[in-house]
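All remarks here apply to the structure that follows.
Hydrogens, waters and symmetry mates are skipped; everything else that's a heavy atom, side chains included, is used. Reminder, nothing fancy here: chain letters follow the sequence lines and each chain counts from 1. Bear in mind the structure is a predicted one, so any value in this text is a computation, not a measurement.
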Number of protein chains: 4
Amino acid sequence: MASVNKVILVGHLGKDPEIRYLDGNVSVASFPLATSEFYNKDGKKVEQTEWHNVVLWRALADLAVKYLKKGKLVYIEGKLRTRTYEDKEGIRRFATEIVADSFNLLGRRSDFEPQNSGKPSESGEQPEESKVDFRENDDDNDGLPF
Amino acid sequence: MASVNKVILVGHLGKDPEIRYLDGNVSVASFPLATSEFYNKDGKKVEQTEWHNVVLWRALADLAVKYLKKGKLVYIEGKLRTRTYEDKEGIRRFATEIVADSFNLLGRRSDFEPQNSGKPSESGEQPEESKVDFRENDDDNDGLPF
Amino acid sequence: MASVNKVILVGHLGKDPEIRYLDGNVSVASFPLATSEFYNKDGKKVEQTEWHNVVLWRALADLAVKYLKKGKLVYIEGKLRTRTYEDKEGIRRFATEIVADSFNLLGRRSDFEPQNSGKPSESGEQPEESKVDFRENDDDNDGLPF
Amino acid sequence: MASVNKVILVGHLGKDPEIRYLDGNVSVASFPLATSEFYNKDGKKVEQTEWHNVVLWRALADLAVKYLKKGKLVYIEGKLRTRTYEDKEGIRRFATEIVADSFNLLGRRSDFEPQNSGKPSESGEQPEESKVDFRENDDDNDGLPF
DNA sequence: TTTT
DNA sequence: TTTT
């Protein structure tokens, strides 16, 4: 208790989001996000790019696939999570990810049109801006999207 | 440009900070920080603890050694940085750290008295609260503490 | 769209939360929160205290009344909202508030026991830590309180 | 001590920054910033815009005048400050402002060219991206820009 | 007074 | 692997 674990990122997607379905119905999307810093080294400006592994669950994963594309600028709020896994040699490794709580597309209106995703898109669907600033509710922790 | 990489943590130190001196004068301190979340699994409350590797440079490293101790509750602002290194088998590995920009002790006044550190403490020293909310200025990027 | 309005505060309550009930059932709680900064003026350390009006709605209001008390240290996330109102002379005035999205008690375990509130407390109730880091769900966006 | 007062905004400038010079040399700039939220009221999408008074000091004020213009999208980090003043009738009023610590232009490259400002521009000057993510150091609190 |  |  008495703790806070919060990450705020604004950066560009390095790839389109990839989505997987756990147990056939729980969506998990992920993508790499780049943030950059500039500093001077011997009088020359040098860019240092940091790559973040962003992971999104359930309804937020579906929204990511629909609205986010490689190259887009996005604001992300989430938390840090370090997973343990075994590599091919059976050695314990760590991977740190940003588990998103919400995201927010930044940029021009034309950037906000939904993109084709792996899932067949519902016919007659309208892009709904208010959906994009979706905040996932996992209070009940029931494994279901809502 | 046009990017933001910000981490905000409130958690407890898992160990006293460790300090090293690069090239004999640049200080680098680090410590593990725990944040926890509670969720319900099959009706029981389960605590999930996340461990973060916090790294502090120069004057901020010196302050960390002076004011922070295992078990203390601290607010930290910083950025994510993933380092690449080779493990013993020569395989490329990644380690994600939080590079602190500032920290802020939370808790009772008695927690704010400086602790003994590796460096000999200056005699007659007064704990200076305003030092603790130190914000490092590395705009000039000269590799020096100030 | 494409906008972010976020406030993060760690400070002490200046008073116990006050709660009101709109239309008999929607809870609204509020309290003043103090944050302080220290700076040097002519060699003397000066404390500058900032007072924030924190407002909480619905379930979060009920939790605030239950867990927060004058003097407690609390982490708050929320958004800025400036209300317009007319003062006694009929002149239009502005009041800026922090509308909380979540809060998190900081401090010792003994601080986390629920306090008596205006509402009769439910018998046999156990303080539930996980309730305190409540995040309000307004996903459905139906204009109704829940 | 033990307190945090942080505001994070992404929004559009409602006007060009205005700059004043205190005592002839300390710069203070300010501008209104809009953030918006969308919600459904009776089946219609309604936009609610929040206006923030952003204030910048010294070197940051000069950068704001140079790089920010009405309509631009900007990321701002700062703190809340409520000023007291007397209105024309001699009544004590409050005005809450966001005192910026840093800002970051968001958007297309063409948005990052410096704009004409009230001050005569230095000849031969190159727009320097790294200047834009300037973080003011007012640790020493000497009233001078650096 | 911004933007979508 | 992004972007400027």
Side-chain angles (χ1 to χ4, degrees), chain A residues 9-18 30-39 45-54 64 67-76 98 103-114 126-133, chain B residues 1-5 82 84 94, chain C residues 1-5 82 84 94, chain D residues 9-18 30-39 44-54 67-76 98 103-114 126-133:
Chain A
L9 301 174
V10 176
H12 293 273
L13 281 84
K15 289 185 184 173
D16 288 358
E18 284 177 12
S30 63
F31 56 81
L33 188 86
T35 58
S36 330
E37 256 192 312
F38 296 86
Y39 64 95
K45 186 157 56 173
V46 179
E47 177 176 11
Q48 185 171 346
T49 297
E50 197 63 33
W51 286 99
H52 311 274
N53 300 313
V54 178
Y67 289 101
L68 302 183
K69 274 289 170 192
K70 176 176 172 172
K72 297 294 186 205
L73 184 66
V74 66
Y75 170 92
I76 288 171
I98 288 86
F103 68 82
N104 215 333
L105 259 168
L106 303 175
R108 280 148 299 144
R109 155 74 82 155
S110 61
D111 290 348
F112 296 103
E113 267 128 52
Q126 289 297 103
E128 265 259 328
E129 284 181 339
S130 58
K131 277 183 181 171
V132 178
D133 190 8
Chain B
M1 160 166 278
S3 89
V4 174
N5 173 359
T82 299
T84 306
F94 299 92
Chain C
M1 161 162 277
S3 89
V4 174
N5 173 359
T82 298
T84 306
F94 300 92
Chain D
L9 301 174
V10 175
H12 290 91
L13 281 84
K15 290 185 185 174
D16 290 356
E18 285 176 12
S30 62
F31 56 81
L33 188 86
T35 59
S36 331
E37 256 191 311
F38 296 86
Y39 64 94
K44 287 176 296 188
K45 186 157 57 173
V46 179
E47 178 175 11
Q48 185 170 348
T49 297
E50 197 63 33
W51 286 100
H52 311 274
N53 300 314
V54 179
Y67 289 101
L68 302 182
K69 275 286 170 193
K70 176 176 171 172
K72 297 294 184 203
L73 184 66
V74 66
Y75 170 93
I76 287 172
I98 288 86
F103 69 81
N104 215 333
L105 258 167
L106 303 174
R108 281 148 299 145
R109 155 74 81 158
S110 61
D111 290 348
F112 297 102
E113 267 129 51
Q126 288 299 99
E128 265 259 329
E129 284 182 338
S130 57
K131 277 182 181 172
V132 178
D133 190 7

NZ or CZ of A/Lys45 within 45° of A/Phe38 ring axis and under 6.0 Å: yes
Sugar-phosphate only, base, or nothing, as touched by A/Lys70 at under 4.0 Å among non-hydrogen atoms: sugar-phosphate
d(NZ, D/Lys15; C1', E/dT1) in whole Å: 6 Å
side-chain hydrogen bond (donor to acceptor under 3.5 Å, both in side chains) partner of D/Asp16, the single match among D/Lys69, D/Lys72, D/Lys70: D/Lys69
Whole-Å distance separating the NZ atom of D/Lys69 from the C1' atom of E/dT1: 15 Å
For D/Thr49, all residues meeting side chain to side chain donor-acceptor pair (under 3.5 Å), sequence neighbours excluded: none
Nearest-angstrom distance from the residue atom CG of D/Leu9 to C1' of E/dT3: 15 Å
Of the listed nucleotides F/dT1, E/dT3, F/dT3, the one nearest the side chain of D/Glu47: E/dT3
Separation of F/dT2 C1' from A/Tyr75 OH (nearest whole Å): 20 Å
Nearest-Å distance for atom pair NE2/P, residues A/His52 and F/dT2: 15 Å
E/dT1 pyrimidine/purine six-ring stacking with D/Trp51, under 5.5 Å and 30°: yes
Touch class at under 4.0 angstrom, heavy-atom based, for D/Thr35 against every strand present: nothing
Whole angstrom value for the distance that separates P of E/dT4 from CG of A/Leu105: 13 Å
